[in-house]
Structure formats: C-alpha cells, structure tokens
Amino acid sequence: MKLTAEQIQSNWEVFLDNIKVHIPGNRGEQLLNFYKRYEERIILMPAAHKKEYHSAFPGGYVDHVNRVVRCALKQYDLWESEGCDMTTFTKEELVFSAINHDLGKMGDKEHEAYIPQTDQWRKDKLGEDYMFNKKLAFCSVPDRGLFLLQQHDITYSFNEMVAIQTHDGLYDVANEKYLKAFMPEQKPRTSLPYILHQADMMAARIEFEIEWLPKFSKDNVEQPKKNYTLQSKTSSKSKALNTIASSGLKNMLDSL
Ligand SMILES: [Fe+2]
C-alpha cells in the first residue's frame, strides 16, 4: 500500500489533533513537543520493517496509530454498553496508551529502528524496503516506548504503563504474568489493557486485509506452470516415460 503525500500530511494532523483533544494540560504540551521534535522521523516511519507485517510503508506508523485510536474509542463505547466498569480508567488514559503503544518502534534518540534496506536482493525478491537498524541494542517495543517517554519527562499512569506493556496481549508471552493470572487479586483491575489490545489487533488485521487480500484474489494468484514433458503428446513425453522403471508409476503418469 502506498499513501500519497497529502494522506501522510493529513494523517499527521489527525495524530497531533488526537493529542490536543484528549491529552490536556502540561502533559499534552510535553507530548506535542516530543512528537514535533521527532516529526521528520515519525511522519514517514513504517509500522514495521517487513512487508509481511502490517503497514510497512512510508507513513504506515502514523496511519496505524490513528486507526488504533479510532478503534480504541469505538471499543470504549462497546465495552461501556456491555456493562464494563468504566470508572477504573479514563478516556485520556485510553487515548494516551493508544497514541504511544508502538512508540518503541521509533528507535532511540539518535537511531531510527527501521532504515532503508541496503540488500538489493532482499529488496527485489522479498520486497523488503526496510531493515532493522543493528546500531540499536535489543529492547522490546513496549519497553523502549516507555523508556522514551520517561527520558523526555512525559509521565504516565500505572494504568497506561500496564496497557502499553501488554498491548500485544498473549501474542507476547512476556504478558502472561499480567493476563494469565488465575487468582482474582492478580488480574488487572481495569479493562483498559484488553480494550487497547483489541483495538490494536483490529487495526492490524484490517491493515493486513487492505495490503494482502487483493494479492490472493483469483486474478492475482500465479497459476502453476504447465509440465510440458508430461502433458504434451509429443515424443518427448514417451521419451521421458521410457526412463521410468516402475510400471505402476509409468501407467499413472501416462494417463495424465
Ligand atoms: Fe500497534
């Protein structure tokens, strides 16, 4: 998928508006300053370095985050209508967590996590336009995102920390300690992590469908090449079959 320059610009404006509308006060100002400081990097960032993952194209990161915010607000209404206790977290916490859930994909202060692919073969054959920047020390996406926030003096609540940490749900085994507890007192005291995870999963699934489902349509799937040796009625078929010792196999191939 490719976004136009206008779409990328308009996505960025929506991204900043989400902060202005949902994150009030000094924290909102600090968050806006943070994102404006790294604007040039973030505005064009892909959401992943491999095309098999979702939104691995210029502007894909902001497009994904905006979709997660939209889905999170819709999930909020759904959970509320089904009787979820909405007093255990705030809408600000939900939107803050959604905006920053994948921030760790940015890399660190100096280094971008996803850089242009230098291996021409991988670019041509695998369609990988990006590769992971090996200058960065390993860190999980949630850990790096939370580190970046505290490094820039942007505070987050306990609820936001757990939601960002567990946004991949049980797709990340590291989250089992939060999400697989059997004792009631060890379960999350708020549904915020589940709402964020559902919003992220929904957005990623929809992005997969936009990118990949058309490629699997009947018209786009490559048809298998014909085997001329076995299907042709020319002497080459007989010649090839004559070299097969097994008469059963020979009969089977002969009948094709
Ligand atoms: Fe995400």
Side-chain angles (χ1 to χ4, degrees), residues 1 3 7-8 11-12 14-19 22-23 31 34-35 38 41-76 78-79 89 91-108 112-114 129-130 132-133 136 138-149 154 156 159-176 178-179 188 191-212:
M1 186 173 147
L3 296 176
Q7 284 171 318
I8 289 174
N11 278 348
W12 183 241
V14 170
F15 183 90
L16 296 179
D17 279 348
N18 281 335
I19 298 176
H22 295 282
I23 317 296
L31 200 56
F34 170 81
Y35 279 110
Y38 294 104
R41 276 171 64 174
I42 291 174
I43 199 170
L44 285 175
M45 246 171 71
H49 67 293
K50 286 192 177 201
K51 72 183 172 79
E52 286 77 7
Y53 302 158
H54 63 95
S55 301
F57 50 80
Y61 175 83
V62 174
D63 190 63
H64 169 68
V65 170
N66 288 351
R67 187 172 287 103
V68 173
V69 172
R70 285 198 305 275
C71 292
L73 289 169
K74 287 171 185 167
Q75 288 282 349
Y76 180 97
L78 177 64
W79 281 67
F89 67 97
K91 214 174 240 189
E92 178 186 344
E93 286 180 316
L94 175 63
V95 178
F96 180 92
S97 306
I99 288 172
N100 298 297
H101 79 283
D102 270 344
L103 176 60
K105 291 181 173 180
M106 171 186 138
D108 65 16
E112 292 178 76
Y114 308 136
D129 292 327
Y130 299 94
F132 189 75
N133 187 352
L136 273 174
F138 171 77
C139 186
S140 74
V141 168
D143 285 347
R144 203 190 296 285
L146 291 167
F147 179 78
L148 278 165
L149 289 172
I154 299 163
Y156 43 83
N159 278 347
E160 289 162 348
M161 177 193 74
V162 175
I164 291 172
Q165 192 68 254
T166 61
H167 75 264
D168 276 330
L170 288 172
Y171 287 110
D172 183 346
V173 290
N175 295 332
E176 288 186 359
Y178 284 106
L179 305 177
S191 292
L192 175 60
Y194 303 95
I195 297 175
L196 180 65
H197 173 50
Q198 287 193 347
D200 188 33
M201 195 168 55
M202 186 177 176
R205 170 65 204 185
I206 291 165
E207 287 154 20
F208 160 80
E209 291 191 357
I210 295 169
E211 179 75 31
W212 285 95

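One-based numbering, in listed order, for ligands and for the atoms of each. Counting from 1, the numbers follow the sequence of the chain as shown.
- Centred on the Fe ion (ligand 1), the NE2 atom of His64 and the NE2 atom of His101 lie at an angle of 100°, reported to 10°.
- The shortest non-hydrogen separation linking Ile99 to Tyr61 is O-OH, 4.2 Å.
- Residue-level check: among N/O/S atoms of Asp200, OD1 sits closest to the Fe ion (ligand 1).
- With 2.8 Å as the limit, His167 does not count as an N, O or S neighbour of the Fe ion (ligand 1).
- Between the side chain of His101 and the backbone N or O of His167 there is no donor-acceptor pair closer than 3.5 Å.
- Atom OD2 is the N, O or S atom of Asp102 at the shortest distance from the Fe ion (ligand 1).
- Listed by chain and number, the residues in a side-chain contact (heavy atoms from CB on, under 4.5 Å) with Ala113 are Phe132, Leu136 (sequence neighbours excluded).
- The shortest distance between side-chain heavy atoms of Ser97 and Leu192 falls below 4.5 Å.
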